[in-house]
J.: 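Provided herewith is a single structure, encoded as structure tokens, for subsequent inquiry.
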Amino acid sequence: MSDKKGLPKRSENYSEWYNELVRKADLAENSPVRGCMVIKPYGYAIWEKMQQQLDKMFKDTGHTNAYFPLFVPKSFLEKEEGHAEGFAKECAVVTHYRLKADPNKKGALIADPDSKLEEELIVRPTSEAVIWHTYRSWIQSYRDLPILVNQWANVVRWEMRTRLFLRTAEFLWQEGHTAHASAEEAKAETKQMLDVYAEFVEQYMAVPVIKGTKTANERFAGADDTLCIEALMQDGKALQAGTSHFLGQNFAKAFDVKFLNKQNQQEYVWGTSWGVSTRLMGALIMAHSDDNGLVLPPKLAPIQVVIVPIYKTEEQLNNLTETIQTIQKELKAKGISVKFDDRDSLTPGFKFADWELRGVPVRLALGERDLANGTIEVSRRDKERGEEGAKTVESIAGIADKIEALLADIQVNIYQKAHNFREANISKVDSYEEFKKVLNEKGGFILAHWDGTSETEQKIKEETKATIRCIPLEMPEEAGVCMLTGKPSKQRVVFAVAY
RNA sequence: CGGGAUGUAGCGCAGUCUGGUAGCGCGCCACGUUCGGGAUGUGGAGGUCGUGGGUUCGAAUCCCGCCAUCCCGACCA
């Protein structure tokens, strides 16, 4: 037993635990380019599962995929004022299209001064600008609407401080961009996609979220309204898991996108955009994992069941292999992904720890003893080592049905644990003193009254680092007074320190 | 962009003060013994000491410049 191979404890250093976990579970690593990451095969497999499910949900709600270019002419970005201001400080800019040998230094390359671009190209920080420019030529009549398009892409935002998955300079995401003939329809779309995100995060990632509206301060640059889902991490900090924006007619006006309505009148198009990114990976990791490693919900685990044979001789392995392959076949028939870990030269103990680290929901261990008894050892990852029910011995007969049920149970249990944690970490406070105290000692979501002004929000942020995560959609109205200014308030809002 | 620190084997580090054959742990390769919770022994491979210059008989070590990275702040849907 050496703890050199173990993770730091969450309780001792949460952020170091996170960093090490991402690395040790083979999810991602830092790249030679500052702020950018290499997503490793195992991490990418999880992202692919997320993509597949989300993509299905988008298509089920009538959307289709398309692809727009990586580069945005600078002039496009200038068109929507709020949008330009919001992103200008973090853009990668392409100025040249050719390299040449450096005359002053052998073997070195420089940007060829003769290849300077007439107009600089911006690596997209988001695609509203290119897409609305394109929509201009796609839309003439109300008959061309709505346009319901999504794209899977990478974007670049030159962040000062980055962390694997949570904030990287380049990240993968999807961005939906829709165009509608009326404000009502666009608003309904905005809400619909928020609901899709919430369903995905809760049902598949097993992470409970609060749906809400962003305050003006936190709103997307160029939107009239931003809806979001907010999740709570195990260290008491909030993570914005997805956003859906009602763009009003802002981009239509900036890019002159009009349509002729049924009354034969020109009208500006109404827009929405919505996105989730590889940051969801961060949410998934932080919401469920423990000091032994990753804990993955079965619905998103690339490997749902791993089988570890326990043997001494090659002959013993051969005896086990037959039974294991039968079990493997039965599980696969049920659509369960199974890995038979027959790596020689690694001890069972090492494999147990290794698969725990990688978050595989169910582990089966089979040895000679089991074979003689017709049994198999079943371990569930959602319970900690030694916890009641973490490990059981089951009969091999009918094992596939049991595992299928177990996977479903794990999915529910993981959600329930995260939900219980969040409920235990939502506090209602009525004074600023209490607010600061709870924030310091406990963290989590804090429900408090706020007078609705940006000044108050700003002041609280400066003094406590907590921001208004959202004005919740599904919480009863309640009269009260702002905890800072004492002015009247009709509803509590959600405060938290955020990632 | 301010403050602090660090660049030595794939990874983590010692060696630098006081210049003199480049080391340790993990990992890797081979073979043996192991194998029901992170095994172990023996042998082996692997290094432009970030980079450019200077001082010196001799530089990882001293001096100057540059580059890069990390941490704290500022910044951040």
Side-chain angles (χ1 to χ4, degrees), chain A residues 1-7 13 15-16 19-20 23-24 29-35 82-83 85-91 105 108 125-126 128 155 157-163 166-169 171 173 175 212-223 225-230 238-245 273-277 279 292-293 308-314 316-317 320 342-357 363-373 375-377 379 384-386 390-391 393 461-462 465 467-470 498-499:
Chain A
M1 281 286 246
S2 93
D3 54 1
K4 267 181 284 183
K5 289 172 183 167
L7 286 169
N13 188 339
S15 69
E16 198 186 322
N19 290 335
E20 282 294 294
R23 229 170 41 79
K24 289 196 159 135
E29 61 190 29
N30 281 309
S31 75
V33 183
R34 192 196 145 278
H83 190 60
E85 260 176 48
F87 287 105
K89 284 171 290 183
E90 51 187 38
C91 286
K105 194 175 173 194
T126 177
E128 274 80 3
V155 290
R157 298 179 190 179
W158 213 267
E159 302 286 357
M160 302 299 275
R161 281 280 274 284
T162 59
R163 291 188 69 193
L166 295 175
R167 180 176 296 114
T168 46
F171 55 92
W173 76 343
E175 43 181 331
T213 306
K214 285 292 184 192
T215 62
N217 272 352
E218 304 273 328
R219 196 176 286 155
F220 174 73
D225 207 3
T226 288
L227 304 182
C228 63
I229 47 174
E230 294 286 330
L239 185 76
Q240 177 177 297
T243 47
S244 183
H245 316 291
S273 66
W274 27 275
V276 294
S277 69
R279 176 182 252 203
N292 292 321
V308 178
I310 295 166
Y311 63 97
K312 292 184 176 43
T313 65
E314 198 173 332
Q316 286 175 329
L317 175 62
L320 296 169
D342 60 353
R343 286 177 292 177
D344 201 11
S345 85
L346 290 177
T347 61
F350 181 91
K351 292 177 183 177
F352 292 170
D354 195 41
W355 293 112
E356 257 166 22
L357 185 59
R363 185 189 67 233
L364 305 178
L366 188 75
E368 283 221 309
R369 220 155 60 199
D370 292 298
L371 214 51
N373 300 335
T375 59
I376 191 162
E377 184 189 88
S379 306
E384 300 230 15
R385 283 182 203 173
K391 213 190 254 189
V393 175
K461 183 179 176 180
E462 277 161 22
K465 289 191 171 173
T467 51
I468 298 177
R469 301 319 302 154
C470 69
Y499 271 99

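Throughout, protein chains are lettered first and strands after them, A, B, ... in sequence-line order, and every chain is numbered starting at 1.
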J.: Please measure how far the C1' atom in U40(B) lies from the corresponding atom in A9(B), and state the result in whole Å.
T.: 24 Å

J.: If you go through the side-chain atoms of K391(A), does one of them form a donor-acceptor pair with the base of G37(B) closer than 3.5 Å?
T.: yes

J.: Going by the rule salt bridge (charged side-chain N to carboxylate O under 4.0 Å, His left out), which residues pair with E159(A) if we only count those two or more places apart in sequence or in a different chain?
T.: none

J.: State which residues pass salt bridge (charged side-chain N to carboxylate O under 4.0 Å, His left out) with E384(A); sequence neighbours excluded, sorted by chain then number.
T.: R10(A)

J.: Nearest-Å distance, CZ (R369(A)) to C1' (G37(B))?
T.: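 Answer to the nearest Å: 13 Å.
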
J.: Test of understanding: with salt bridge (charged side-chain N to carboxylate O under 4.0 Å, His left out), list the residues that count as partners of E377(A), not counting sequence neighbours.
T.: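 Counting only residues at least two positions away or on another chain, E377(A) forms no salt bridge (charged side-chain N to carboxylate O under 4.0 Å, His left out).
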
J.: Check this for me: does the side-chain of E368(A) come within 3.5 Å of the base of G36(B) through a donor and an acceptor?
T.: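 In this structure, the two groups form no donor-acceptor pair.
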
J.: For C63(B) versus G41(B), give the span between their P atoms, rounded off to a whole number of Å.
T.: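 To the nearest whole Å, 43 Å.
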
J.: Who passes salt bridge (charged side-chain N to carboxylate O under 4.0 Å, His left out) against D354(A), sequence neighbours left out?
T.: R343(A), R358(A)

J.: Would you kindly give the CG-to-P distance between L320(A) and C35(B), to the nearest whole Å?
T.: 15 Å

J.: Please report the distance separating the C1' of U55(B) from the corresponding atom of U69(B), rounded so that it comes out in whole Å.
T.: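 That atom pair is separated by 29 Å.
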
J.: Using the P atom in both, what is the distance from A30(B) to G19(B), to the nearest Å?
T.: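 Here A30(B) and G19(B) have their P atoms 44 Å from each other.
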
J.: Using the C1' atoms only, state how far C13(B) lies from G2(B), rounded to an integer number of Å.
T.: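 Those two atoms are separated by 30 Å.
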
J.: Just the rounded figure in Å: distance from C1' of G36(B) to CG of L346(A).
T.: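 Those two atoms, CG and C1', are 16 Å apart.
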
J.: Using a 4.0 Å cut-off on protein heavy atoms (strictly under), produce a 5'-to-3' string for nucleotides 71-77 of chain B with B for base contact, S for backbone-only sugar-phosphate contact, and - for none.
T.: -BBBBBB

J.: Please measure how far the P atom in G27(B) lies from the corresponding atom in G38(B), and state the result in whole Å.
T.: 15 Å

J.: For the pair made of CZ in R385(A) and P in G38(B), what is the distance, rounded to whole Å?
T.: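 Rounding to the nearest Å, CZ of R385(A) and P of G38(B) are 9 Å apart.
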
J.: Using the C1' atom on both, measure U34(B) against U51(B) and round to a whole Å.
T.: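 Each nucleotide's C1' atom is 48 Å from the other's.
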
J.: With a cut-off of less than 4.0 Å, is there a side-chain N or O of T347(A) near OP1 or OP2 of A39(B)?
T.: yes

J.: Paired with C24(B): which nucleotide, if any, by Watson-Crick or G-U wobble criteria at under 3.5 Å for both distances?
T.: G12(B)

J.: Rounded to whole Å, please give me the gap between NZ in K312(A) and P in U34(B).
T.: 9 Å

J.: With both distances under 3.5 Å as the test, what is the Watson-Crick or G-U wobble partner of C70(B)?
T.: G4(B)

J.: Tell me: CG of D370(A) to P of G36(B), nearest whole Å?
T.: 13 Å

J.: For E218(A), what residues pass the side chain to side chain donor-acceptor pair (under 3.5 Å) criterion, not counting sequence neighbours?
T.: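 Here no residue qualifies.
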
